[in-house]
Number of protein chains: 2
Amino acid sequence: MVDALAQLTFAIQGVLGRIAAAHDLSIIQARLLGILRDRRPTINGLAEFLQLDKSSVTGLVDRAQDRGLVKRTASTLDRRSVQVSITASGRELIDRVTVAFEAEIEVLVADLSPAQRTRLSAMASTMAIADARSRGVDIAAARPASANRVPRAGHH
Amino acid sequence: MVDALAQLTFAIQGVLGRIAAAHDLSIIQARLLGILRDRRPTINGLAEFLQLDKSSVTGLVDRAQDRGLVKRTASTLDRRSVQVSITASGRELIDRVTVAFEAEIEVLVADLSPAQRTRLSAMASTMAIADARSRGVDIAAARPASANRVPRAGHH
DNA sequence: TATTGTTATACTCTATAACTATA
DNA sequence: TATAGTTATAGAGTATAACAATA
């Protein structure tokens, strides 16, 4: 099991990496844009999402901003913080990457039956949630439309 | 499906990264040691396994060698090439990482039934093989001990 | 000529520590 | 004092191009 999952992970990362590179992006830059599709987090918020130090995020956002993919906006509530958002150009790029990624994943699951795919999808979600929970993060609350999970007490 | 798989991939990479870091390794260094557990590839061979440029592998092996985790041996057949192998110390380290990784994955699959785990494992393998095939690599032939590859016509 | 591996170089990604400007 | 973000710095990881040794 462990071996199979590790292999799968590397395979998917490889696919993602190749597609991102074909669009002149690294995996982490693609991830950044993906997060910003439906959120306007602060630098600290991004650091938490990505599990990176805030100084790493500063650099990440700097490079994306230099390319016109994201922008910083001063927060009106707390003048120390900024809000990071995606630009039209960034959104267009990540949308193209997503389409390509979906097509490639389609190749990987080609040998699975429709029923297997459904089950795989469900299991993957279950595991991602278990991971988030084990780190004390409530991933469900950060979802887009609907996806509202059962309200949970608190963290820790 | 795509989203769930991506989430799962990042979750597993996160787990791997944290465990590797706890043992003073990066993911790629852990992968390198994992590959060397039952193989003695050339630099070019490693580059193919890892899908990296050979110059990247030179640096990777340099750093691992500096730490006494791997070693280079001159090939007797082709004096241009070297064989990279794991040291006792490297093997001990990757074994410890593997044990810790297995324990963490156990947490992630905790919410899955035994039957689901079996199916997940099988599907993960299927997908990893599909990926290898899509890249023209025969992962199955590259397995353990004396995996004497059946002489094959051509690569490409 | 072609291939194996290294070197030189440049860039991205990352963390730690020190700093600034707010709060 | 504490927090949000940046800067300075250092190191790993990666690719491209040029190179030496060998085939």
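Each chain gets a letter, A, B and so on, in the order the sequences are listed, and its residues count up from 1. Just so it is clear, the values below take in all heavy atoms, side chains as well, and ignore hydrogens, waters and symmetry mates. No experiment lies behind these values; they were computed from the predicted model shown.
Taking five base pairs at each end of the helix from dT1(C)-dA23(D) to dA23(C)-dT1(D), the local helix axes there meet at an angle of 10°, rounded to 10°.
As a whole-Å value, the separation of Q83(A) CD from dA4(D) P is 14 Å. Computed from coordinates, the K54(B) NZ to dT16(D) C1' distance equals 11 Å when rounded to whole Å.
With sequence neighbours excluded, no residue satisfies side-chain hydrogen bond (donor to acceptor under 3.5 Å, both in side chains) with S121(B). Under the salt bridge (Lys or Arg N to Asp or Glu O under 4.0 Å) criterion, R117(A) pairs with E106(A), sequence neighbours left out. For the side-chain contact (heavy atoms from CB on, under 4.5 Å) test, residues two or more places apart in sequence or in another chain that qualify with L33(A) are L25(A), L69(A), V70(A), I86(A), L93(A), I94(A). Checked against side-chain contact (heavy atoms from CB on, under 4.5 Å), T118(B) has no partners two or more places apart in sequence or in another chain. For R79(B), the salt bridge (Lys or Arg N to Asp or Glu O under 4.0 Å) test picks out no residue, with sequence neighbours left out. When the salt bridge (Lys or Arg N to Asp or Glu O under 4.0 Å) test is applied to E92(B), the partners found at least two apart in sequence or on another chain are R96(B).
Residues from residues 67-82 of chain A with heavy atoms under 4.0 angstrom of DNA chain D, sorted by number: R72(A), R80(A), S81(A), V82(A).
Among pairs with a residue in residues 50-69 of chain A, those fulfilling salt bridge (charged side-chain N to carboxylate O under 4.0 Å, His left out) read D62(A)-R72(A), at least two apart in sequence or across chains. For residues 15-31 of chain A, no pair satisfies side-chain hydrogen bond (donor to acceptor under 3.5 Å, both in side chains), with sequence neighbours left out.
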Between protein and nucleic acid, restricted to nucleotides 12-14 of chain D and to nitrogen or oxygen atoms under 3.5 Å apart, what atom pairs and distances do you find?
residue: dG13(D); atom: OP1; partner: S26(B); partner atom: OG; Å: 2.2
residue: dG13(D); atom: OP2; partner: Q29(B); partner atom: NE2; Å: 3.2
residue: dG13(D); atom: OP2; partner: R63(B); partner atom: NE; Å: 2.6
residue: dG13(D); atom: OP2; partner: R63(B); partner atom: NH2; Å: 3.1

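Side-chain atoms of L120(A) and M127(B), non-hydrogen and from C-beta on, do get closer than 4.5 Å to each other. In this structure the side chain of I27(A) reaches within 4.5 angstrom of the side chain of F10(B), judged on heavy atoms.
T87(A) contributes a side-chain N or O that, together with a main-chain N or O of G68(A), makes up a donor-acceptor pair within less than 3.5 Å. Using modelled atom types, no side-chain atom of Q7(A) and backbone atom of A4(A) make a donor-acceptor pair closer than 3.5 Å. A donor-acceptor contact shorter than 3.5 Å is absent between the side chain of R37(A) and the backbone of R91(A).
Nucleotides of DNA chain C that come within less than 4.0 Å of any heavy atom of chain A span, from the 5' end to the 3' end, dT12(C) to dA23(C).
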